[in-house]
Amino acid sequence: MARIIFGKKTPSWIIGRTLTHLVLIIFTLAVGLPFFWMITTALKSPAEVATFPPIWWPKTIKWDNFSKAWATAPFGRFYINSFVTAITGVLLEVSIAALSAYAFACIRFKYRDLFFLVMLAALMIPSQIALIPNYVILSKLKWINTYKGIVIPYVSSVFGTFLLRQYFLSVPSSLYEAAEIDGLSHFKTLIYIALPLAKPVLGTLVLYIFIGKWNNYLWPLIVTTKQRMRTLPVGLAMVRDAEYAIGPEHLMAAAIFVLVPVLIVYFFSQRKLIEAIAAGAVKG
Amino acid sequence: MKKRNLVWILLLAVLFLSSPLFAQAKSEAKPEGPIKIVYWRSLTGVAGESQDEVVRRFNASRNDIIVEAEFQGAYAEILQKMTAAVAAGDMPDVVLLDSPHMPIFAKNGVLVDLGQYVKDEPKGFIDDYIPGLLADGYYHGTLYALPAMRSTPLLYVNGDMLAAAGLPRRAPETWDELREWGKKLTKINAKGELEQSAVGLTTGLTTAHWYFQGAVYAFGGLVSDEDFGIHLTDAPALELAQLWQDMVFKDRSAIPSNSHDDFFNKKVAMVFGSTGSMGNVYSRADFQVIPAFLPGQKQNLVPVGGAVIAMPKTGDTWKQWAAWEFLKYFTGTESQAYLARLTGYMPNSYSASKDPELVAYYNANPQWKVAIDQLNYVRPQASVISLPKGTAILQQMVEKLIIANRDVKTVMEETTADLKKEYNDNY
Amino acid sequence: MTRRAKRDALTFALFTFPNFLLLTVFVFWPIFYSLFLSFFKWDMIAPKKRFIGLENYRVMFTDPVFWLVTKNTLILSVWVVVLKLVISLGLALVMNRDLKGRSFYQAIIFSPTFTTSVAVAMVWRWILEPDYGLLRVFMRPFGIAPINWIESTTHSLPAVIIVLIWVGIGYDMVIFLAGLKNIPPELYDAGLVDGVNPLQEFIHITFPLLSPTTFFLTITGFISALKSFDIISILTGGGPLNSSNVLVHFLYENAFRWFKTGYASALALLLFVVIMTITLIQNRLSKRWVHY
């Protein structure tokens, strides 16, 4: 494929490479420019924002755009809500996944496969069918505007269970049988034998679920009616409606508040995340 | 002899039963310590901060009630939140409602009848409120809400742009004049692109209907009457709709506008806004701003908008009493004068509008006086606004007219049918 | 049952109970409750619901807005999937070699995948601003006049499509790269020996062997596009005049803005049936596909 003939880089190879890099640079710019544009707008003054051709970097950086944007809504509160719900959500979901995965992989039970099929069926069900019913259920339970209302409906785990089960099954069953003979309870077996098998993917799974919960918009939008309980995405959407009071520079600053944590997490873990996703695709 | 004794005993019994002593013993004792009540409020910027200040002053002025203000988003959000809260049984003690939303909750029995509190107030209490502003606090004759932050729609004009076009530094007085001026204010460049326009016509989800109403009233028409009769196919509405459409597509002197940035970026010379946004407009504009009445035509008449303040039935007697005390304070002279001075919302009572500090402020800053003067030309909003889908149907009508450029008569007929259907769905 | 078997059964039940309880209440039960609600007229506040039989469905199938919204959803889904696949496959092919800076390119192109859609939509709203937005910079050299994407009935849906593609190409590209890696290099060597050019290589070797991946991405991408909500909600709000409105957003408006709970439930049922059908078809077909 490289068309290297006898180790020499032919002219056609060089042209090919250059074109390759050109194409990639164009697309990388296409993806990266919006982020850059967001940042520079957030640093501009109103006059610099409303110019064409655009100014690529402001003459003087208006740091107070951030404080003004922060003041338009209780972002501190939004951050706390997002953290609390995302972290408890992840912990619950991963625990539930681990328990279920172990049960399906390692516990002998007559109807095990049947239950597994039922669970897989759940994977096919689109979550939108549950929006109204879940809202009605929660309002009867008086869980509207509570952390549990935001978290609980979404901690059942099918994908995570499926994934962990694969890893738990990656060793011969004799290992588990030996543990059984040694008198280990199922729970201990899960913790000391099965879970370590999933170590390579556990961290990535946690991150993946965490980011998903952090970014969740529609459900928290429906289930929170008090500003005090809103998560970041919902709070950000509210800011957009603020009449006359803020301009694009403040909106971009607010967008930065919301994107920064996710982007930080992403850049520290992107290699692992990409690997895991690629691996998952190959397997299944 | 026996009968007479019986009569005396009966009389005494009646006296005893109706004595305040007995009544007092029946009701619960006032709780010790401050009563905490929750106030759901809307609006951001100056309008939001000034409300928080009023709450702060109320809390500082007494130690038997503490009000906790919670910002709940825009009016549309509060409507959703209240609906959810009613379903969840988790309502605030005091709520700021967009005036057309009040009937929805009054109809479902969610709000407290304020009449029971008003009758214990000194005489003249209710008459002090300006009638045009108090009118839409009533539903089927019962008072459910007091005027809180009332506003009327205004035309904000960029004086500098007008002067540059050779026009006088004032707002056009009628739609005809606006159209005339529009010709001078519209700039189209060599490529046929519209560089500058005269006016931005609002297409926002929660605001489009309001300014449309104002324009229809100017032409002597109505959107809907008290009994939900729809008047969009009457001559005034048709005339107005055609004018808007022609200004957008023939003259190119008007553009559909979903954001106020068009005004601050000088893309349009005039834009619609509420009296309540005046603080924000002035703080962001770097040119001369002239606030003015909506253009008249056959008459000057505008729909009152803004918010009313009401008390949901939480069932807690003392919390409701506390809520009433807060309601009185919030709609009282001092608070209203303060709010009006800071935000451009209108003082809701005669006493408030005569407050010496406010009067001095208006004299020193005549532009704020526009709000007061327009109080002579107000009427409640169209009844259809209170329907859940009402404002959305009207917003889509505006979009059909000035974005899709569809035949005016057809659009009005469609909208009438949609509104009638929505009415039937709900009543 | 032996004692051990009994104990195992109990442990199984205990371990899987939380998951199945949650699934039953929040995933399975809603299907039936939605179906139930779709036969009623209810505003979520009133204590009594009014039974109206199939009326919601009749209204739905005669509602021009419903058909417009459905059309938009389908157009959006097809365009997004097709363009995403084409672009990301191209990128994957280009990147599938020993390239300097490859992981850098990949990291950037993949980054929108995990971003918060609300923030992304707000940034793009600003990019699409007709006079001062970033996009105008790239349109000007081609002599294109400023386009008001958000307020145009013809351009609002394309705007949404553009943003959705922007968000999704990174993910598809990574999956394609994994699929490409899986193709045994001996096949290419055989091709080289036979003297095939790159185009023939692609048509006869690469693409056929990528077909499971392509199929997987097409179906999951399509289903995911059918469920779009976030971007539309913030970018255009479904407007103007429902020109960019899609099924889930229409559902949200009906249920949570206009309190037409029954009608919205009928919409939800429809979406559910459509997606389940596609998913089942995918299952059937992919089983057949694996044996090649």
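The contact between A/Ile125 and chain C is made by backbone and side chain atoms together, counting heavy-atom distances below 4.5 Å. With a threshold of 4.5 angstrom between heavy atoms, A/Glu93 does not approach chain C through any atom at all. Both the backbone and the side chain of C/Asp230 come within contact range of chain A, judged by heavy atoms closer than 4.5 Å. Both the backbone and the side chain of A/Pro34 come within contact range of chain C, with heavy atoms under 4.5 Å apart. Within the 4.5 angstrom heavy-atom criterion, no atom of C/Phe32 approaches chain A. For C/Phe17, no part sits under 4.5 Å from any heavy atom of chain A, backbone or side chain. Of the two parts of A/Val258, the backbone and the side chain both hold a non-hydrogen atom closer than 4.5 Å to a non-hydrogen atom of chain C. Proximity to chain C is limited to the side chain of A/Thr161, based on heavy atoms less than 4.5 angstrom apart. Interface remark: A/Phe187 contributes backbone and side-chain atoms alike to the contact with chain C (heavy atom separation under 4.5 Å). Contact of A/Ala101 with chain C is not made at all, since no heavy-atom distance falls under 4.5 Å. Using a 4.5 Å cut-off between heavy atoms, C/Ile31 touches chain A through backbone and side chain atoms alike. Of the atoms belonging to C/Leu217, not a single heavy atom falls under 4.5 Å from chain A. Proximity to chain A involves both the backbone and the side chain of C/Ile234, based on heavy atoms less than 4.5 angstrom apart. Of the atoms belonging to A/Arg112, heavy atoms from both backbone and side chain fall under 4.5 Å from chain C. Contacts between A/Ile39 and chain C at a heavy-atom distance below 4.5 Å are absent for every atom of the residue. With a 4.5 angstrom heavy-atom cutoff, C/Phe229 touches chain A only via side-chain atoms.
Side-chain contact between A/Ser156 and C/Phe26: absent, with no pair of heavy atoms (C-beta onward) separated by less than 4.5 Å. Side-chain contact check for A/Asn215 versus C/Thr115: every heavy-atom pair is 4.5 Å or farther apart. Taking the side chain as every heavy atom from C-beta outward, A/Val31 and C/Ile169 approach each other to under 4.5 Å. Using a 4.5 Å cut-off on side-chain heavy atoms (C-beta onward), C/Leu23 and A/Val158 make contact. Residues A/Ile222 and C/Tyr252 meet the side-chain proximity criterion, which asks for heavy atoms closer than 4.5 Å. You'll find the side chain of A/Pro248 stays beyond 4.5 Å of the side chain of C/Glu129, heavy atoms only. Within the 4.5 Å cutoff, the side chain of C/Leu22 has no heavy atoms near those of the A/Tyr154 side chain. Residues C/Val137 and A/Trp56 have side chains in contact (heavy-atom distance under 4.5 Å, counting atoms from C-beta outward).
Between A/Tyr266 and C/Phe114, the ring planes lie tilted relative to each other; the angle falls in the 30° to 60° range.
Of the listed residues (A/Leu24, A/Thr20, A/Val155, A/Leu123), the greatest number of heavy-atom pairs within a distance under 4.5 Å of chain C belongs to A/Leu24. In terms of heavy-atom pairs under 4.5 Å with chain C, the best-connected choice from A/Val136, A/Leu263, A/Leu92 is A/Val136. If you tally non-hydrogen atom pairs under 4.5 Å between each of A/Ala98, A/Ala122, A/Ala30, A/Cys106 and chain C, the highest count goes to A/Ala122. Of the residues considered (A/Ala103, A/Ala130, A/Ser185, A/Ala50), A/Ala50 shows the highest number of contacts with chain C, using heavy-atom pairs under 4.5 Å. Highest contact tally toward chain C, considering only A/Ser157, A/Pro54, A/Gly32, is held by A/Ser157 [criterion: heavy-atom pairs under 4.5 Å]. Of all the listed residues (A/Val265, A/Ile152, A/Ile132), the one sharing the greatest number of non-hydrogen pairs under 4.5 Å with chain C is A/Ile132.
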(request) Check the pair C/Val248 / A/Leu218 against side-chain contact (heavy atoms from CB on, under 4.5 Å), numbers first and verdict last. (result) CA-CA 10 Å; C/Val248 179; A/Leu218 181 49; 4.1 Å; yes

(request) Please lay out, stage by stage, how A/Tyr135 and C/Phe256 fare under the test ring-ring contact (aromatic ring centres under 6.0 Å, His included). (result) CA-CA 10 Å; A/Tyr135 181 80; C/Phe256 298 101; 5.5 Å; yes

(request) May I have the step-by-step check of side-chain contact (heavy atoms from CB on, under 4.5 Å) for C/Leu271 and A/Ile129, ending in yes or no? (result) CA-CA 8 Å; C/Leu271 185 65; A/Ile129 186 85; over 6 Å; no

(request) Run the numbers on C/Asp8 and A/His186 for side-chain contact (heavy atoms from CB on, under 4.5 Å), then give the verdict. (result) CA-CA 9 Å; C/Asp8 275 358; A/His186 279 302; 2.8 Å; yes

(request) Tell me, with the steps shown, if C/Thr116 and A/Tyr217 meet side-chain contact (heavy atoms from CB on, under 4.5 Å). (result) CA-CA 9 Å; C/Thr116 315; A/Tyr217 174 54; over 6 Å; no

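When the shell of 6.0 Å around NZ of C/Lys49 is examined, it contains more than 12 heavy atoms from other residues, nucleotides or ligands. A 6.0 Å sphere centred on OH of C/Tyr33 holds more than 12 heavy atoms belonging to other residues, nucleotides or ligands. For A/Phe267, the CZ atom sits in a packed shell: over 12 heavy atoms of surrounding residues, nucleotides or ligands are nearer than 6.0 Å. Atom CZ of C/Arg102 has more than 12 neighbouring heavy atoms from other residues, nucleotides or ligands inside a 6.0 Å radius.
The line from CG of C/Leu99 to CZ of A/Arg17 is 5.0 Å long, rounded to the nearest 0.5 Å. To the nearest 0.5 Å, the span separating CE on C/Met44 from OG on A/Ser139 amounts to 8.0 Å. With rounding to the nearest 0.5 angstrom, the OH atom of C/Tyr132 is 8.0 Å from the OG1 atom of A/Thr51. The distance from atom CG of C/Asn19 to atom OG of A/Ser100, rounded to the nearest 0.5 Å, is 3.5 Å. A/Leu131 CG to C/Ser34 OG: the interatomic distance, rounded to the nearest 0.5 Å, is 8.5 Å. Between the CZ atom in C/Phe104 and the CD1 atom in A/Ile25 there is a gap of 9.0 Å [rounded to 0.5 Å].
Of all heavy-atom pairs spanning A/Gln128 and C/Ala268, the tightest one is O-CB, 4.4 Å. Across all non-hydrogen atoms, the minimal contact from A/Phe35 to C/Ser111 is CE1-OG, 3.8 Å. Minimum heavy-atom separation, C/Val118 to A/Ala237: CG1-N, 4.0 Å. When every heavy atom of C/Ala107 is checked against every heavy atom of A/Gln270, the shortest pair comes out as CB-NE2, 3.4 Å. Heavy atoms only, all atoms of each residue included: C/Met276 and A/Met124 are closest at SD-O, 3.4 Å. The shortest non-hydrogen separation linking A/Ile107 to C/Thr11 is CD1-CG2, 4.0 Å.
A cation-pi geometry, defined here as NZ or CZ lying under 6.0 Å from the six-membered ring centre and within 45° of its normal, holds between C/Arg136 and A/Phe52.
The six-membered or imidazole ring of C/Phe15 lies away from that of A/Phe104, with a centre-to-centre distance of 6.0 Å or more. Ring-centre distance between A/Trp37 and C/Phe138: not below the 6.0 Å cut-off.
Between the C/Trp29 side chain and the A/Pro133 main chain, no donor and acceptor come within less than 3.5 Å of each other.
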